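To start, the structure under review is shown below, and the notes come after it.
Computed from a prediction, not measured in an experiment: that's the story for all the values here.
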Amino acid sequence: MQNKVTDRLNSQALDYKLDDTTYQFGLNFHLTKQITLFANTSTTFLPQARFNIDGTPLPNEEGAGAEAGLKFLALHDRFSVTATYYDIVRKNIARETSDPITGSRVVILSGEESSQGFEVDFNAQLTGSLQILGGYGYADAITSSNEEFQFLVNTTPRRVPQHTLGIAARYEFHEGPLKGLFFTAGGNYYSESVVNPGSGRTLTASATNPIVNNRMPNGLLPFPNSAEGAVLTVGTVRVGDGRESLMNEAYDLYEAGAGYRWRAGKLSHRVQVNAKNLFDKRYTWGSAAQGDPFTVIGTYTLTF
């Protein structure tokens with residue numbers, strides 16, 4: 001893969017070639033007509049569009065994952081449940097933040113982040129007109145290694161809620177004078193998530209400012225080669241600056257919509273109005289971005 005990258009902030013330009021080998025393998029097994037077992041595994045790589053201090057490109061981001069689960073069908077395939085367990089690992093993740101003292105841009109290259117969890121989804125066509133679907137997801141994500149920023153090890157990476165839950169319903173008239181009219185409603189829940197753990201701060205031990213080697217919040221010692229509780233007068237260490245404790249609060253959002261569709265000759269028409277964040281909840285998500293307020297969106301779709 002040939003890459004041409006220009007870093008305009010630091011007036012750097014690189015033209016370099018990167019390559020890697022990945023694989024993907026999957027298997028489905030029909031245990032019965034209604035129950036299907038599945039499993040797959042794969043690897044990935046992603047070239048970094050960022051640079052080391054010496055101007056060389058950062059190593060490829062690499063990933064590996066595996067999942068396995070089952071799908072169950074019932075009621076003449078009108079009801080389905082899919083349950084999946086997954087295990088994902090990512091290495092060399094480059095993330096930009098700012099130094100809290102100098103304000104300069106800092107690239108954090110995480111050693112390894114991993115996530116294990118499961119997802120359960122269902123889809124129920126209760127009648128010819130009424131459909132209900134939803135799902136729940138659990139993610140146990142941690143920074144499993146980071147040589148440069150030890151204070152991040154065993155902590156949750158940014159923007160990853162541990163629990164997500166969603167449910168939605170749709171009702172459509174298929175006959176009579178209201179044929180083509182439909183209504184939708186749904187809700188989603190997201191548990192709290194880390195905003196941005198940042199790059200921490202550097203502490204330097206000296207005779208006038210000694211450092212007591214007490215454990216950090218993640219359970220690790222700042223100086224792993226020294227005894228716990230030791231008073232150190234030499235050495236430097238990177239520790240958290242509090243940003244790793246800043247969280248997006250858990251929030252739930254609701255939406256509803258209505259629409260009408262019809263055919264005219266070979267053309268299909270659909271008009272729809274959706275109302276999002278029905279209760280105008282104030283929330284933050286991702287890197288503390290302000291969530292959208294109550295919003296109404298209208299659409300018209302023409303299909304040939």
Side-chain angles (χ1 to χ4, degrees), residues 20-46 60-95 110-126 131-146 152-170 186-197 218-220 244 247-253 285-286:
D20 206 337
T21 301
T22 63
Y23 66 83
Q24 182 174 4
F25 176 78
L27 177 68
N28 285 340
F29 178 74
H30 292 279
L31 188 64
T32 69
K33 186 178 179 180
Q34 289 76 32
I35 301 176
T36 301
L37 305 179
F38 61 88
N40 66 73
T41 181
S42 62
T43 59
T44 63
F45 86 98
L46 179 67
N60 293 336
E61 178 182 318
E62 298 178 347
E67 66 174 7
L70 64 85
K71 183 174 183 179
F72 173 72
L73 299 174
L75 302 177
H76 303 288
D77 297 345
R78 291 188 302 170
F79 177 77
S80 67
V81 175
T82 303
T84 307
Y85 172 82
Y86 63 86
D87 190 334
I88 302 170
V89 176
R90 298 172 64 195
K91 300 178 181 179
N92 300 329
I93 306 167
R95 288 174 173 158
S110 174
E112 180 176 294
E113 294 181 3
S114 61
S115 179
Q116 297 81 38
F118 64 88
E119 298 176 347
V120 179
D121 303 296
F122 76 91
N123 190 334
Q125 191 71 46
L126 299 181
Q131 179 186 24
I132 298 178
L133 62 156
Y136 166 76
Y138 171 81
D140 182 15
I142 64 168
T143 297
S144 46
S145 70
N146 193 317
L152 293 178
V153 175
N154 296 329
T155 65
T156 303
R158 63 178 181 174
R159 306 178 185 177
V160 183
Q162 191 172 59
H163 304 278
T164 57
L165 177 67
I167 189 168
R170 175 187 173 94
N188 291 285
Y189 167 81
Y190 304 88
S191 63
E192 66 179 13
S193 60
V194 176
V195 172
N196 190 336
N218 63 356
L220 300 180
E244 67 278 5
M247 310 289 286
N248 293 302
E249 287 189 352
Y251 63 93
D252 51 275
L253 300 174
W285 63 280

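- Between the side chains of Thr82 and Asp121, not a single donor N or O lies within less than 3.5 Å of an accepting N or O.
- Here the closest heavy-atom approach between residue Thr21 and residue Thr43 is recorded as O-OG1, 4.3 Å.
- Pairs passing the side-chain hydrogen bond (donor to acceptor under 3.5 Å, both in side chains) check and including a residue from residues 26-37, sequence neighbours excluded, read His30-Thr36.
- The shortest non-hydrogen separation linking Gly26 to Asn40 is CA-CB, 3.7 Å.
- Between Met247 and Val194 the shortest side-chain heavy-atom distance falls below 4.5 Å.
- Under the 3.5 Å distance criterion, the side-chain polar atoms of Asn218 are matched with a main-chain donor or acceptor of Val153.
- For Thr22, there are no side-chain hydrogen bond (donor to acceptor under 3.5 Å, both in side chains) partners, not counting sequence neighbours.
- Not counting sequence neighbours, the partners of Glu61 by the side-chain hydrogen bond (donor to acceptor under 3.5 Å, both in side chains) test are Arg90.
- Taking the ring-ring contact (aromatic ring centres under 6.0 Å, His included) definition, one finds that Tyr86 meets it with nothing, sequence neighbours left out.
- Minimum heavy-atom separation, Gly65 to Thr41: O-OG1, 3.0 Å.
- Applying the salt bridge (Lys or Arg N to Asp or Glu O under 4.0 Å) criterion to Glu67, with sequence neighbours excluded, gives no partner residue.
- From Asn60, atom CG reaches atom CG of Leu46 across 7.5 Å, with rounding to the nearest 0.5 Å.
- Nearest approach of Asn196 to Arg158, heavy atoms of both residues: ND2-NH1, 3.4 Å.
- Remark: Phe38 pairs with no residue by the ring-ring contact (aromatic ring centres under 6.0 Å, His included) rule, at least two apart or across chains.
- Listed by chain and residue number, Tyr85, Val89, Gln116 satisfy the side-chain contact (heavy atoms from CB on, under 4.5 Å) test with Asp87 (two or more places apart in sequence, or in another chain).
- Between Thr143 and Pro157 there is a side-chain heavy-atom pair separated by less than 4.5 Å.
- Contact check for Tyr138 versus Asp140: side-chain heavy atoms found under the 4.5 Å cut-off.
- Residues passing the side-chain hydrogen bond (donor to acceptor under 3.5 Å, both in side chains) test with Glu112, sequence neighbours excluded: Ser144.
- Of all non-hydrogen atoms in Ser115 and Ala139, the two that sit nearest each other are OG-CB, 4.1 Å.
- In this view, Phe29 and Leu31, Leu37 satisfy the side-chain contact (heavy atoms from CB on, under 4.5 Å) rule, not counting sequence neighbours.
- Ala169 and Ile132 make their closest contact through CB-CG1, 4.1 Å (heavy atoms, listed as atom of the first residue, atom of the second, distance).
- Gln131 pairs by the side-chain hydrogen bond (donor to acceptor under 3.5 Å, both in side chains) definition with Asn123, not counting sequence neighbours.
- Under the rule for a side-chain contact (heavy atoms from CB on, under 4.5 Å), the partners of Leu165 that lie at least two apart in sequence or sit in another chain are Tyr136, Tyr189.
- Residues satisfying the side-chain contact (heavy atoms from CB on, under 4.5 Å) test with Asn92, not counting sequence neighbours, are Gln48, Pro59, Leu109.
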